[in-house]
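Here is the structure we will look at.
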There are 2 protein chains.
Amino acid sequence: MDPFIQLVIEAWRIFRMPKETKVPLPTLERLATYFRYLSELASSDVETISSAHIEEATGIRAAQFRKDLSYFGEFGRPGIGYGVRDLLRRIARILKVEKEQPVILIGAGNLGSALVGYSGLRKYNFNIVAVFDSNPNKIGYKLWDRDIYDIERLKEINESLGVKIAVVTVPAANAQNVVDRLVESGIKVILNFAPTTLKVPEGVMVRHVCFIQELTVLSFFLDSDEV
Amino acid sequence: MDPFIQLVIEAWRIFRMPKETKVPLPTLERLATYFRYLSELASSDVETISSAHIEEATGIRAAQFRKDLSYFGEFGRPGIGYGVRDLLRRIARILKVEKEQPVILIGAGNLGSALVGYSGLRKYNFNIVAVFDSNPNKIGYKLWDRDIYDIERLKEINESLGVKIAVVTVPAANAQNVVDRLVESGIKVILNFAPTTLKVPEGVMVRHVCFIQELTVLSFFLDSDEV
DNA sequence: TAGATTGTTAATCGATTAACAATC
DNA sequence: TAGATTGTTAATCGATTAACAATC
């Protein structure tokens with residue numbers, strides 16, 4: 001088929017996807033894994049890979065990989081495999097990380113500082129464009145090279161920035177309040193590091209990263225007889 | 001039934017559980033959520049809760065909560081609900097976090113520093129007892145109040161410590177090497193912050209926390225028409 | 001052509017939810 | 001007793017895996 005037509009079909013399919021075909025969340029999580037792995041691979045001289053290769057490298061089953069991609073169209077050539085750079089570019093487009101994505105961070109504490117200073121962010125096309133805090137000893141200063149603004153100015157400032165992604169690294173006790181303000185300010189997706197459950201309106205998505213919770217799950221798998 | 005007999009039965013059930021009845025991983029993750037929520041609640045004056053209350057507070061369905069607990073025995077009283085302190089104590093025992101759990105951390109960078117400095121750790125009964133790094137400018141110094149040791153001494157030092165849990169905050173390129181050493185040193189479960197897939201032998205468990213990957217998944221849910 | 005590997009369908013597996021008898 | 005709420009069974013739902021025809 002004409003490659004142009006094919007692209008148009010794919011664009012259309014992706015465009016109507018989120019609401020309709022309903023991509024499973026585990027598929028999206030794996031897609032992020034493929035994306036990371038392919039990014040590494042792209043700087044090597046490997047040009048083509050098979051789904052079996054993906055299984056070997058990521059531990060995700062080959063059939064699973066092909067099934068995951070099938071939600072979004074056709075990506076490989078039977079008997080040949082997948083072109084690394086092409087696959088990377090198309091997955092990046094699906095995940096909307098082909099262009100740089102601006103992010104705001106709330107909470108200029110230790111963790112916030114580590115995240116802003118993390119070089120991997122830029123590598124994967126995210127950019128923390130502004131930091132907010134409520135502590136007068138921090139407001140007006142910088143976190144690395146990013147300005148720290150008064151959280152009271154969140155809505156005002158994001159009116160001009162128009163950022164859709166926020167990272168929350170405030171203490172659990174303040175998290176719900178902060179999230180309410182974020183939603184008010186036009187934020188659509190939130191990555192929450194505070195160890196607490198958050199309530200958000202329909203249409204806003206939250207993901208939760210909890211260090212303690214991960215340790216707790218791991219702890220279960222220790223043998224109870226020893227120690 | 002005699003509460004003593006009941007406890008013995010429960011202990012026995014938990015003892016043989018991991019290998020046999022096979023508790024679903026999602027159940028363990030939710031158990032960690034219940035644990036966190038009950039910990040908060042325990043410092044209030046609430047004495048009894050219902051599964052409906054849990055649903056309201058955590059967003060996890062009441063039926064799901066009861067089903068999750070059912071893998072481990074009986075915890076509530078029909079018509080009454082669950083005793084907060086009792087439930088907390090029993091979930092803590094299941095997850096093996098009733099006693100303090102020692103943890104070692106590899107990688108004294110920004111992220112490692114944030115984790116060591118995080119007060120929530122102690123609150124949830126984890127304690128980072130030693131930090132390792134390969135950088136001569138760090139070895140022999142301290143991260144907060146914890147000694148930083150040469151990673152070359154990992155096996156030697158853990159011979160006396162006998163720690164089973166490790167947190168990895170080294171760059172992706174070094175992660176597999178570090179993990180191999182950890183396994184050699186008797187570590188049984190690993191929390192990995194490096195953005196890379198790790199290979200471990202049977203019997204060692206890894207969980208993966210990846211900031212970038214979480215952002216990438218969230219990014220998918222942004223509307224593509226705007227921006 | 002023969003061998004490799006895809007995309008997709010159908011079968012399997014496992015987790016969530018609903019419903020309700022048992023119990024306080 | 002009547003109302004509330006559990007623990008568990010059975011029904012539903014959804015995700016993973018296997019298998020294979022189509023294709024390079």
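Atom set for the values below is all heavy atoms of this structure, side chains included, hydrogens, waters and symmetry mates excluded. Throughout, protein chains are lettered first and strands after them, A, B, ... in sequence-line order, and every chain is numbered starting at 1.
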Side-chain contact test, heavy atoms from C-beta onward, threshold under 4.5 Å: evaluate it for [X] versus [Y] and give yes or no.
X: B:His53; Y: B:Tyr37; answer: yes
X: A:Ile104; Y: A:Ile128; answer: no
X: B:Ile151; Y: B:Ile106; answer: yes

To the nearest Å, how far apart are [X] [atom1] and [N] [atom2]?
X: A:Arg90; N: C:dT6; atom1: CZ; atom2: C1'; value: 13 Å
X: A:Glu55; N: D:dT17; atom1: CD; atom2: P; value: 9 Å
X: B:Phe75; N: D:dT5; atom1: CZ; atom2: C1'; value: 17 Å
X: B:Leu87; N: D:dT6; atom1: CG; atom2: C1'; value: 13 Å
X: B:Asp68; N: C:dT16; atom1: CG; atom2: P; value: 7 Å
X: B:Ile60; N: C:dT16; atom1: CD1; atom2: P; value: 10 Å
X: B:Lys22; N: C:dA15; atom1: NZ; atom2: P; value: 9 Å
X: B:Arg77; N: D:dT6; atom1: CZ; atom2: P; value: 12 Å

- Message: Do the side chains of B:Glu55 and B:Arg66 get close enough for a salt bridge, i.e. N-O under 4.0 angstrom?
- Response: no
Nearest to side-chain heavy atoms of [X], which nucleotide of [options]:
X: A:Glu74; options: D:dT6, C:dT8, C:dA18; result: C:dT8
X: B:Ile80; options: C:dC24, D:dT16, D:dA18; result: C:dC24
X: A:Pro24; options: D:dC24, C:dC24, D:dA15; result: D:dA15
X: B:Pro78; options: D:dG7, C:dA22, D:dA18; result: C:dA22

[N], OP1 or OP2 - any side-chain N/O from [X] closer than 4.0 Å?
X: B:Tyr82; N: D:dA4; result: no
X: B:Tyr71; N: C:dA15; result: no
X: A:Arg30; N: D:dT16; result: yes

- Message: Walk me through whether A:Lys199 and B:Glu56 qualify under salt bridge (Lys or Arg N to Asp or Glu O under 4.0 Å).
- Response: CA-CA 10 Å; A:Lys199 293 198 170 88; B:Glu56 158 61 21; 3.7 Å; yes
- Message: Which label fits B:Tyr118 and A:Phe211: parallel for a plane angle under 30°, tilted from 30 to 60°, or perpendicular past 60°?
- Response: tilted
- Heavy atoms of other groups near A:Glu100 CD, more than 12 under 6.0 Å: yes
- Crowding at CD, B:Glu98 (>12 non-hydrogen neighbours, <6.0 Å): yes
- Does NZ or CZ of A:Lys96 fall inside the cone over B:Phe220's six-membered ring, less than 6.0 Å from its centre and within 45° of the axis? yes
- Message: Quick check: on DNA chain D, is the nucleotide nearest A:Gly79 upstream (toward 5') of the one nearest A:Arg61, or the reverse? Name the residue that is more 5'.
- Response: A:Arg61
- Return the stems involving DNA chain C, sorted by first number, where pairs are Watson-Crick (N1-N3 with N6-O4 or O6-N4) or G-U wobble (N1-O2 and O6-N3), both under 3.5 Å, and runs are 3 or more long. C:3-24 with D:3-24
- Task: Strictly below 4.0 Å, heavy-atom distances to any atom of DNA chain D: list the hits from residues 45-54 of chain B, or just say none.
- Result: B:Ser50, B:Ser51
- Query: Base, sugar-phosphate, or nothing for A:Arg66, non-hydrogen atoms under 4.0 angstrom?
  - Reply: base
- Message: Could you check whether B:Thr196 and B:Gln176, counting side-chain N and O atoms only, form a donor-acceptor pair closer than 3.5 Å?
- Response: no
